[in-house]
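Below: the structure, in structure tokens.
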Amino acid sequence: MARRTRRCAHCFKPLRATARSDARFCSKACKAAERRWRQHFLQAVAIGLWYTQGVETEHVVRCPACGTRFALGHGHRRDAVYCGHACRQAAYRARKRVREGVTTPSNVTPPGTRSTRLASENAPELVGAARTAA
């Protein structure tokens with residue numbers, strides 16, 4: 001009877017003949033990539049279900065620095081404010097600039113204000129400005 005070729009769970013390449021019987025991945029890179037994909041998928045499903053069905057909307061929040069929507073408890077702490085380390089650092093640098101009195105140009109919005117302004121009152125103004133510029 002012919003032996004079936006086992007394949008990597010991420011890239012579907014054949015596993016080595018000498019691989020352990022319980023091996024699922026061809027390399028550590030594939031294992032890490034599969035884990036990242038799984039985490040992203042779980043978060044996307046959670047956001048989609050909560051957004052479309054309106055269930056537990058307090059668990060889906062927007063990052064104040066970049067405006068990305070993310071689910072609390074799926075790769076993030078339950079009390080997380082920012083979606084990642086880069087946004088947390090950007091917000092810190094913006095607060096530091098304000099504290100030191102360094103001004104930013106008027107057309108650049110500092111992190112922490114973008115998502116709240118875009119979501120509500122300034123959206124029609126931005127759409128009109130974009131249409132006239134195009």
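Please read these numbers as outputs of a predicted model, since none were measured by experiment.
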With sequence neighbours left out, the residues meeting side chain to side chain contact (heavy atoms under 4.5 Å, CB included) with R95 are Y82, A91, Y92
Correct closest heavy-atom pair for C87 and C66 would be SG-SG, 3.6 Å
Correct closest heavy-atom pair for R62 and G67 would be NH1-O, 2.7 Å
Minimal heavy-atom distance between L72 and A80, with the atoms involved, is CD2-O, 3.7 Å
Residue set satisfying side chain to side chain contact (heavy atoms under 4.5 Å, CB included) with R93, at least two apart, ordered chain then number -> Q89, R97
Distance col, row R6:CZ vs S21:OG, nearest 0.5 angstrom, shows 6.5 Å
Value for OG (S27) from CG (L15), rounded to nearest 0.5 Å, stands at 10.0 Å
One should read off an interatomic distance between R38 CZ and H10 NE2, to the nearest 0.5 angstrom, of 11.0 Å
Interatomic distance, NZ@K31 vs SG@C26, rounded to 0.5 Å, equals 12.5 Å
